[in-house]
Structures are given as C-alpha cells and as structure tokens.
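To start, the structure itself, in structure tokens.
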Amino acid sequence: MIRSRIIGFERALPPVTVTNDDLAKMVETSDEWISSRTGIRKRHLVSDQNTSDLCIIAAEKLLEKAGWDSLSVDLIILGTVSPDYTTPSTACLVQNALGCKNAFCFDIAAACSGFIYSLSVADKFIKNGGVKRAIVLGGETLSKITDWSDRSTCVLFGDGAGGVLLEAAEEGGILYEDIHSDGSKAMALTAGYRANKSPFYKAEPKNDEFIDMNGREVFTFATRKVPESIKKVLEESKTSMDDIKYVVLHQANTRINEVIARKLKAPHEKFYTNIDRIGNTSGASVPIALAEMNEEGLLHKGDKILISGFGGGLTWATMLIEL
C-alpha cells in the first residue's frame, strides 16, 4: 500500500518582531490584557515581503536539506487566505522561484485548516500513484488584511510560513483523517470581501477587506468540534492517546487549546505551544510548529502525532501521522 511519508519540516518568519507593548502604543491595550486572554506576547510581521517570499524561503530549505532536485517535485500545494494575488496562485510563484518545472501547483483557501486540507489533497495524489514527491506549504501575511485600529483582532495575528516534503513510501505516513466544513457559520470569521466596482452595479459597494471575527462563536465552535474530531480519529484508527507522542493544534488562542486538552483528558506535555512568540498565523501555524519541534529534536521516526486545524469557513481538520 502506498503511503505519504513526511520527510522534512521547515519554516520562515519575517525579521520584524512586534511585542504587545508595541501594540499598546497603537491601540488601547496592554501586554497583560493580550497575554492573559490569548497567550500571545509577540508576533512576526512582514515589512516588504509577500506570502510567496516566506513560502519560497521555507521551500528552498526543504529541498536543500532533503537533497531533492527541483525537477523531481511533482506537486506543490499551498494553504493560504492571504495570497499575493487572486491569480496567479502563490503556489505557482513558488514553483517558478524554485525551478520546479515538472510540478503542478495550486492554492487552497481553508483558513486555519488550510495546511491540513492541503496535506490531505497531496496525500490522495500520492496514494493514487500519480505523484511521488510533493511540497505542501502553509503561508500567511495576515498583517495585510488586519485592521490595525481594531484591538479585538490586531493583537492576534502574525505572519509566517511553514511546510513539509511528502514522499511516496510503503510504511508510516498519513494514517487517518477527519475533515469538515460548516458554511452555515461562515460569517463568524471573514476577510477580504471583493467589492463590486463594476459601473453596472448600482448599490453602494460593500467594503469588508479586513479580518472580522465573532470571537465567542469561534471559541464555542473550536472547543466543541476539535475534541470531537480528535476522538473520532483515535477511535476509528484504533489508536489510544497513550500512543500519541504529540498533539499539535492550530495556535489560535491559549484558552481554546487548554479547553481542548481538558476535554481530551490528555497530559499537558503532549500539546506543543508556540503562540506566545508567534501569534495566530492561520494556515501557517501547524507547519511552523512542526518545524520548530523538529529543530528542538522532539520529532523522531516512528512517532505518532495528531495535528488539528480549525477556523474560517468554518472548517476543521484532524490528521493522524506516523513519522
């Protein structure tokens, strides 16, 4: 049986670091207010970089460390809700920069679940036999779609990119997944509305380009659906939480992740957290966390890990992986 094994992890963060104290000079807030409610103390923000720039850096490091020839890559998928352009896809920009001329490329817009959605799609191509090597990325420059006068959202988000290499293998890899969407709650988290500027459109154009979020509704959704999803993956894959080395949740809010951990009755040390220094990077948060864990020597061949994302759509996705 063909499986999709992850053989490399990398990340890229912009050099500019913005602390809570920095934000307190812009809006009415404080380090105590932000950190006590979100767990965030600082975040990285781009100055002159685009989402593609960060993803290219991460992907270049992936190829270099694995020793892959760029022409051996068959597929590039990139999860993002802050692409450089509507078209071309950011994945195509990455392909050109890397020289991966044989790869077909596209973006997936599933917000904070986008990286896991992208992994799932790449996994299907590999299991079908049409792809042997893939680059899967999550990248965001959310600072470009953040209203920096809105203290309820501007304190949350950061920029960054992360990614993995997937390769066809006979063992390990992506073992099980649970992926869902609920469009009935789509308006709980929105960004980047395309206003109709046509001369034939007579109504006043709507302009909602910035991130807008009903925090209470998102909190309730995440703390209900994510534990259910993780339990389903464990039960249907006949895996115990004792078999899991780490659980890597989307880094949205420390309170959300603490509630999820309590509902799962799992030891706190199984849950990796970096939101304090990275912030919420949406579709980039899980791959950035995985890359950090790998750098810290926490990930080893044979380990079983759970990754779970949740966010705009509303979407949620959980995946069981054997490294």
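With Asn280 contributing its side chain and Ser282 its backbone, the two residues share a donor-acceptor pair below 3.5 Å. Under a 3.5 Å cut-off, the side chain of Lys185 and the backbone N or O of Gly313 do not form any donor-acceptor pair. Using modelled atom types, one side-chain atom of His44 and one backbone atom of Pro14 make a donor-acceptor pair closer than 3.5 Å. Asn253 places a side-chain N or O within 3.5 Å of a backbone atom of Arg255 that can act as its donor or acceptor partner. In this structure, Asp74 contributes its side chain and Lys132 its backbone to a donor-acceptor pair below 3.5 Å. Checking side-chain atoms of Asp22 against main-chain N and O of Thr19 turns up a donor-acceptor pair under 3.5 Å. Between the side chain of Ser240 and the backbone N or O of Asp242 there is at least one donor-acceptor pair closer than 3.5 Å. Panel note: side chain Asp150, backbone Asp147; no donor-acceptor pair is recorded below 3.5 Å. Remark: the backbone N or O of Leu62 is not paired with any side-chain donor or acceptor of Glu10 at under 3.5 angstrom. Looking at Asn102, its side chain does come within 3.5 Å of a backbone N or O of Leu71 through a donor-acceptor pair.
The CG atom of Asp182 lies 5.0 Å from the CH2 atom of Trp316; values are rounded to the nearest 0.5 Å. Atom NZ of Lys304 and atom OH of Tyr176 lie 13.5 Å apart (nearest 0.5 Å). Atom CG of Leu166 sits about 5.5 Å away from atom OG of Ser4, to the nearest 0.5 Å. Separation of atoms CG (Leu290) and CD1 (Ile6) is listed at 6.5 Å; rounding is to 0.5 Å. Rounding to the nearest 0.5 Å places CG of Leu165 at 12.5 Å from NZ of Lys61. The OG1 atom of Thr90 lies 9.5 Å from the CD atom of Glu140; values are rounded to the nearest 0.5 Å.
Crowding of Lys124 atom NZ: a count of heavy atoms from other residues, nucleotides or ligands under 6.0 Å exceeding 12. Within a 6.0 Å sphere centred on CD of Glu28, other residues, nucleotides and ligands contribute 12 heavy atoms or fewer. Atom CZ of Arg41 has 12 or fewer heavy atoms from other residues, nucleotides or ligands within 6.0 Å.
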Exercise. Between Val233 and Met319, is a side-chain contact (heavy atoms from CB on, under 4.5 Å) present by the stated rule, with each step listed?
Worked result: CA-CA 7 Å; Val233 167; Met319 190 172 278; over 6 Å; no

Exercise. Please walk me through it: do Thr239 and Ser237 pass side-chain hydrogen bond (donor to acceptor under 3.5 Å, both in side chains)?
Worked result: CA-CA 5 Å; Thr239 305; Ser237 66; 2.9 Å; yes

Exercise. Could you walk me through whether Ile288 and Leu13 pass the side-chain contact (heavy atoms from CB on, under 4.5 Å) check?
Worked result: CA-CA 9 Å; Ile288 288 173; Leu13 298 173; 3.9 Å; yes

For this session: Take Phe106 and Val121, measure what side-chain contact (heavy atoms from CB on, under 4.5 Å) needs, and give me the verdict at the end.
Result: CA-CA 11 Å; Phe106 54 92; Val121 173; 3.8 Å; yes

For this session: For side-chain hydrogen bond (donor to acceptor under 3.5 Å, both in side chains), just list the numbers for Tyr272 and Glu296, CA-CA rounded to whole Å, side-chain angles, deciding distance to a tenth of an Å, and then say yes or no.
Result: CA-CA 11 Å; Tyr272 185 82; Glu296 294 168 16; 2.9 Å; yes

Exercise. Given Val226 and Lys263, is the side-chain contact (heavy atoms from CB on, under 4.5 Å) satisfied, shown in steps?
Worked result: CA-CA 10 Å; Val226 175; Lys263 286 190 173 183; over 6 Å; no

For this session: May I have the step-by-step check of side-chain hydrogen bond (donor to acceptor under 3.5 Å, both in side chains) for Lys225 and Ser229, ending in yes or no?
Result: CA-CA 6 Å; Lys225 291 298 185 181; Ser229 181; over 6 Å; no

Exercise. What's the verdict on side-chain hydrogen bond (donor to acceptor under 3.5 Å, both in side chains) for Ser72 and Asp69, showing C-alpha distance, side-chain angles and the deciding distance?
Worked result: CA-CA 5 Å; Ser72 72; Asp69 187 300; 5.5 Å; no

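Nearest heavy atoms, Gly162 versus Pro287: C-CB, 3.4 Å. Contact detail for Val94 and Ala59: the closest heavy-atom pair is CG1-CB, 4.3 Å. In plain terms, the two heavy atoms of Ile2 and Ala168 that are nearest each other are CG2-CB, 4.1 Å. When all heavy atoms of Cys55 and Leu78 are compared, the pair lying nearest together is SG-CD1, 3.6 Å. Nearest heavy-atom pair across Gly138 and Ala284 is O-CB, 3.4 Å. Taking each heavy atom of Ala97 and Ile56 in turn, the nearest pair found is CB-CD1, 3.4 Å.
Side-chain contact between Met293 and Tyr246 is present, with heavy atoms from C-beta onward closer than 4.5 Å. You'll find the side chain of His300 reaches within 4.5 Å of the side chain of Lys245, heavy atoms only. Counting only heavy atoms from C-beta outward, the side chains of Lys42 and Val18 never approach each other to under 4.5 Å. Residues Phe210 and Trp148 are not in side-chain contact: their nearest non-hydrogen atoms beyond the backbone lie 4.5 Å or more apart. Counting heavy atoms from C-beta outward, Pro88 and Leu93 have side chains that approach closer than 4.5 Å. Ile278 places none of its side-chain heavy atoms less than 4.5 Å from the side chain of Ser285. By the 4.5 Å heavy-atom criterion applied to side chains, Ile40 and Val155 are not counted as neighbours. Looking at heavy atoms from C-beta onward, Leu75 lies out of side-chain contact with Ile135 at the 4.5 angstrom threshold.
Taking 4.0 Å as the cut-off between side-chain N and carboxylate O, Lys232 and Asp178 count as a salt-bridged pair. Under 4.0 Å is where a charged nitrogen must lie from a carboxylate oxygen, and between Glu167 and Arg133 at least one such pair does. Between Arg277 and Glu292, at least one side-chain nitrogen of the basic residue sits less than 4.0 Å from a carboxylate oxygen of the acidic one, meeting the salt-bridge criterion. A salt bridge links Lys127 to Asp123: one of the charged nitrogens lies within less than 4.0 Å of a carboxylate oxygen. Note on Arg11 versus Glu295: salt bridge recorded, some NZ/NE/NH1/NH2 to OD/OE distance being below 4.0 Å.
The closest side-chain donor-acceptor pair between Arg37 and Thr254, if any, does not fall under 3.5 angstrom. Thr80 and Asp107 share no donor-acceptor pair across their side chains, judged by distance under 3.5 Å alone.
Of the listed residues (Thr51, Asp159, Leu156), just one forms a side chain to side chain contact (heavy atoms under 4.5 Å, CB included) with Leu142, and that residue is Asp159. Each of Thr29, Asp31, Thr38 was evaluated against Asn20; a single residue qualifies, Asp31, per the side chain to side chain donor-acceptor pair (under 3.5 Å) test.
Under a hydrophobic clustering in which Ile, Leu, Val, Met, Phe, Trp and Tyr are joined whenever their side-chain heavy atoms come within less than 4.5 Å, directly or via other members, Val248 and Met241 fall into different clusters. Both Leu264 and Val259 sit in one connected hydrophobic cluster of ILVMFWY residues. Membership requires side-chain heavy atoms under 4.5 Å apart, directly or through other members.
By the 6.0 Å and 45° rule, Arg151 stacks over the aromatic ring of Trp33.
Note on ring orientation: taking the six-membered ring where Trp is involved, the planes of Phe310 and His250 are perpendicular (angle over 60°, cut-offs 30° and 60°).
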